[in-house]
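To start, the structure itself, in structure tokens.
In each ligand, atom 1 is the first atom listed, and ligand 1 is the first ligand listed. If you're wondering where the values come from, they're calculated on a predicted model, not measured in any experiment.
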Amino acid sequence: MAEDLQIVTGSKEDQYQALMPQLQGLLQGETDSIANLANVCAALKEQFGWLWVGFYLIKKNTAGADELVLGPFQGPVACTRIRFGKGVCGTSWKEGKTLIVPDVEKFPGHIACSSLSRSEIVIPLYDQENIWGVLDVDSRELDQFDATDQKYLEEIVSLLRP
Ligand code: SME
């Protein structure tokens with residue numbers, strides 16, 4: 001079965017509007033979480049061309065503490081573990097909300113996995129009340145993410161389950 005993504009040009013809104021039904025189609029009927037996370041990364045990377053799109057998932061470390069651990073992603077190699085409250089990802093997890101960072105150099109404690117990253121958005125993944133990971137998107141451009149990205153990316157992650 002062909003799974004080609006139809007890539008569109010136009011405004012950010014236009015691009016998300018075209019992507020949403022395709023993503024719903026890709027995820028529908030598939031219960032494997034890793035497969036779905038992987039396809040969401042690939043689709044977002046293909047449509048928007050961002051530097052890095054990926055998931056960090058909450059897992060226990062050897063000391064029994066919860067940490068964010070690198071999951072499916074598209075882009076350059078990245079740091080594998082992020083602690084609660086650390087960096088943009090760990091802060092989004094701690095605060096339980098989406099964080100938009102227009103200039104990563106101005107975010108205290110930002111973790112620079114790639115020196116090419118200039119702005120970032122992180123969206124927590126909720127399973128009812130519980131956070132089970134985050135979606136992290138990095139751009140080579142300053143001030144790349146806004147309320148439109150927040151709205152659609154939150155909608156996209158609401159389709160995902162651990
Ligand atoms: N910048 C993130 C770390 C993950 S990488 O960008 C892929 C942070 O500060 O949490």
Side-chain angles (χ1 to χ4, degrees), residues 5 7 12 15-16 19-20 23 26-27 32-127 129-162:
L5 197 71
I7 304 300
K12 195 182 263 188
Q15 294 181 64
Y16 279 112
L19 190 59
M20 286 308 299
L23 272 178
L26 267 176
L27 302 178
D32 189 275
S33 180
I34 295 295
N36 287 336
L37 301 182
N39 260 342
V40 166
C41 292
L44 288 170
K45 176 87 167 133
E46 217 181 331
Q47 174 60 52
F48 292 101
W50 291 315
L51 172 68
W52 198 90
V53 182
F55 291 93
Y56 283 91
L57 304 177
I58 297 172
K59 296 186 179 180
K60 293 223 180 290
N61 64 18
T62 50
D66 281 344
E67 276 181 344
L68 288 170
V69 181
L70 185 63
F73 73 97
Q74 297 262 324
V77 294
C79 33
T80 53
R81 290 175 185 270
I82 299 174
R83 293 205 308 274
F84 186 69
K86 299 294 176 189
V88 186
C89 293
T91 305
S92 171
W93 173 20
K94 184 175 180 183
E95 295 184 0
K97 63 176 195 192
T98 296
L99 293 180
I100 294 174
V101 181
D103 180 348
V104 295
E105 288 185 12
K106 296 192 174 139
F107 187 95
H110 167 257
I111 300 165
C113 291
S114 166
S115 59
L116 296 175
S117 173
R118 310 286 302 283
S119 60
E120 182 165 356
I121 183 169
V122 178
I123 300 100
L125 311 178
Y126 275 95
D127 184 27
E129 304 292 287
N130 302 313
I131 296 182
W132 55 284
V134 298
L135 169 63
D136 181 17
V137 184
D138 289 67
S139 171
R140 296 176 193 82
E141 315 291 332
L142 282 171
D143 203 10
Q144 185 67 33
F145 303 105
D146 57 22
T148 302
D149 299 288
Q150 176 168 356
K151 173 183 151 192
Y152 284 101
L153 293 175
E154 286 179 354
E155 198 176 322
I156 290 167
V157 301
S158 76
L159 304 171
L160 298 167
R161 291 289 168 271

Would you call K59-D66 a salt bridge at under 4.0 Å N-O? no
Which residues pass the salt bridge (charged side-chain N to carboxylate O under 4.0 Å, His left out) test with D143, not counting sequence neighbours? none
Please indicate whether K45 has more than 12 foreign heavy atoms, meaning atoms of other residues, nucleotides or ligands, lying under 6.0 Å from its NZ. yes
Results of salt bridge (charged side-chain N to carboxylate O under 4.0 Å, His left out) for E154 - residues two or more places apart only: none
For C113, which residues count as a disulfide (SG to SG under 2.5 Å) partner, sequence neighbours excluded? C79
List of N/O pairs, ligand 1 versus protein, all under 3.5 Å?
| from | atom 1 | to | atom 2 | distance (Å) |
| --- | --- | --- | --- | --- |
| ligand 1 | 1 (N) | H110 | NE2 | 3.3 |
| ligand 1 | 1 (N) | I111 | O | 2.7 |
| ligand 1 | 1 (N) | E120 | OE1 | 3.1 |
| ligand 1 | 1 (N) | E120 | OE2 | 3.1 |
| ligand 1 | 6 (O) | D136 | OD2 | 3.3 |
| ligand 1 | 6 (O) | D138 | OD1 | 3.4 |
| ligand 1 | 6 (O) | D138 | OD2 | 3.1 |
| ligand 1 | 9 (O) | V88 | N | 2.9 |
| ligand 1 | 9 (O) | I111 | N | 2.9 |
| ligand 1 | 10 (O) | V88 | N | 3.0 |
| ligand 1 | 10 (O) | C89 | N | 2.8 |

May I ask you to decide whether R81 forms a salt bridge with E67, counting only side-chain N to carboxylate O separations under 4.0 Å? yes
